[in-house]
> 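Shown below is the structure under consideration.
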Amino acid sequence: ESVRQHLVSGQKIIIVNDYSDQATTDYLRSFSDNNKQVLLIENNENLGYTKSANIGMSSGTADFCILLNSDTIVSKDWALKMFDATMHMPDVGIVGPLSNAAGVQSLPNIRSNGNNTAINIIPNGISNEDIDNFLEKISLANTIPQVPLVHGFCFGIKRDVIEKIGFFDSSNFARYYGEENDYCFRAAAAGFRFTIATNTFVFHRKSRSIDEEERIIHMKEAGLKLRELYGVDRVRTACLQGEQHPILMQIRKQAEEYLSA
């Protein structure tokens, strides 16, 4: 609903229904019915995220597409601001927004207790739009942070990247997790860079399409496969560069002051 609310002329929503239950299927059919800006694709069996995302990417023709998880709420001009962030440098191919739960793109904390990434709770009285407006005020117009990885929950991709390296690797990352990191490593090898639209906030409920036990198993398997393909040092270094990026660290600090106040 939030995507449709903020849809502008020329944009299109492609929904991939990965064999959802009947209630969800009925809702999606109603949502897309008689709307020329919405295309509903229905899988005849549950394929998992990676293959479903590939179906979505292959069904679009735009020069810029965004893979968006269903457990998200977007803000005004979110897609335009993400696209704008890729235009500052011609070789930027992938972009993501800031969020409450998106690894190093999270605000204000990137880690919860232990080693898990944080799911930051937004305080009562503060809306997603409030945070989005706050980020617009503090973000530097011509200073776009470059990062080695972009979180897959909201993943903007230029068509040039898809044409050069194809889609997600559905063999090594068949269902969930790891596919976006692998895609970033492959895109980097093809000469593309990645950035964060720091003036854009997209809320993420996180891990709603998979139960906790299965999530842990898939995350572990994906981590092992990434280290196997690219080496432990490269994966660790990429994670640390995002965690310690000075612009992102400054924004996290300012966001913490804003939210706590």
Side-chain angles (χ1 to χ4, degrees), residues 48-51 53-54 57 65-67 69 82 85-86 88-99 101-107 109-112 114-118 143-198 204 206-207 210 215-252:
Y49 176 78
T50 305
K51 292 179 181 179
N54 285 346
M57 282 193 282
C65 71
I66 303 174
L67 293 170
N69 284 14
M82 287 178 64
T86 70
H88 286 259
M89 293 170 285
D91 57 349
V92 169
I94 298 174
V95 60
L98 294 173
S99 180
V104 302
Q105 295 159 228
S106 301
L107 300 173
N109 300 311
I110 61 174
R111 291 201 178 279
S112 60
N115 293 320
N116 294 325
T117 56
T143 306
I144 309 296
Q146 295 179 49
V147 291
L149 299 172
V150 173
H151 197 288
F153 90 108
C154 182
F155 199 73
I157 315 169
K158 282 184 179 177
R159 181 62 53 179
D160 292 347
V161 180
I162 297 173
E163 291 178 350
K164 195 162 187 178
I165 71 170
F167 303 115
F168 287 155
D169 181 350
S170 59
S171 296
N172 287 310
F173 305 94
R175 292 189 63 81
Y176 309 101
Y177 297 109
E179 74 289 325
E180 81 274 32
N181 292 335
D182 170 75
Y183 200 76
C184 286
F185 286 136
R186 287 162 50 203
F192 293 100
R193 292 191 286 180
F194 324 120
T195 191
I196 303 300
T198 57
H204 186 201
K206 198 170 183 178
S207 301
I210 182 173
R215 183 184 74 86
I216 293 172
I217 292 172
H218 281 291
M219 284 188 68
K220 183 177 181 180
E221 291 177 348
L224 290 172
K225 179 55 68 172
L226 283 170
R227 291 192 288 273
E228 176 187 324
L229 291 171
Y230 301 103
V232 174
D233 289 342
R234 184 175 181 189
V235 174
R236 181 188 294 118
T237 299
C239 293
L240 288 175
Q241 286 176 344
E243 291 177 10
Q244 299 173 3
H245 195 292
I247 294 177
L248 297 180
M249 291 177 68
Q250 178 62 30
I251 291 176
R252 290 179 205 129

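Since this is a predicted model, take the numbers as computed values, not measurements.
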> With a 4.5 Å cut-off on side-chain heavy atoms, are Thr117 and Ser106 touching?
no
> Run the side chain to side chain contact (heavy atoms under 4.5 Å, CB included) test against Glu180 and tell me which residues pass, sequence neighbours left out.
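Listed in chain order: Phe155.
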> Minimum heavy-atom separation for Pro97 to Phe153, with atom names?
CG-CZ, 3.8 Å
> Side-chain contact test, heavy atoms from C-beta onward, threshold under 4.5 Å: evaluate it for Phe194 versus Val161 and give yes or no.
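Side-chain contact under 4.5 Å: no.
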> Taking the side chain as every heavy atom from C-beta outward, state whether Gln241 and Leu248 have any pair of such atoms under 4.5 Å apart.
no
> Please test Tyr177 against Thr50 for side-chain contact (heavy atoms from CB on, under 4.5 Å), starting from the C-alpha separation and ending with a verdict.
CA-CA 8 Å; Tyr177 297 109; Thr50 305; over 6 Å; no
> Given side-chain contact (heavy atoms from CB on, under 4.5 Å), test Ile66 with Met82 step by step and report yes or no.
CA-CA 9 Å; Ile66 303 174; Met82 287 178 64; 4.0 Å; yes
> Do Val147 and Val104 come close enough that some side-chain heavy atom pair is under 4.5 Å?
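Contact flag for Val147/Val104 side chains = no.
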> Do Met57 and Ile162 touch side chain to side chain, with heavy atoms closer than 4.5 Å?
yes
> Take Ser99 and His151 through the test side-chain contact (heavy atoms from CB on, under 4.5 Å) and record every step on the way to the result.
CA-CA 10 Å; Ser99 180; His151 197 288; over 6 Å; no
> Which is it for Asp169 and Arg186 under the side-chain contact (heavy atoms from CB on, under 4.5 Å) test, yes or no, and what are the steps along the way?
CA-CA 10 Å; Asp169 181 350; Arg186 287 162 50 203; 4.0 Å; yes
> OG1/Thr86 to CD1/Ile144 distance, rounded to the nearest 0.5 angstrom?
10.0 Å
> Does a side-chain heavy-atom distance below 4.5 Å link Glu179 with Phe167?
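No, side chains not in contact.
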> Write down the atom of Gly93, the atom of Phe192, and the distance for their closest heavy-atom approach.
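Heavy atoms only, the tightest pair is CA-CD2, 4.1 Å.
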> Aromatic rings Tyr183 and Phe168: how do their planes relate, parallel, tilted or perpendicular, breaks at 30° and 60°?
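It falls in the perpendicular class, over 60°.
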> Are the side chains of Asp182 and Lys225 in contact, using a 4.5 Å heavy-atom criterion?
no
> Considering only heavy atoms from C-beta outward, does the side chain of Val150 approach that of Val95 to under 4.5 Å?
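A side-chain contact under 4.5 Å is absent here.
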> Taking all non-hydrogen atoms of both residues, which atom of Ala197 and which atom of Ala85 are closest, and how far apart?
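Closest heavy-atom pair between Ala197 and Ala85: CB-CB, 4.0 Å.
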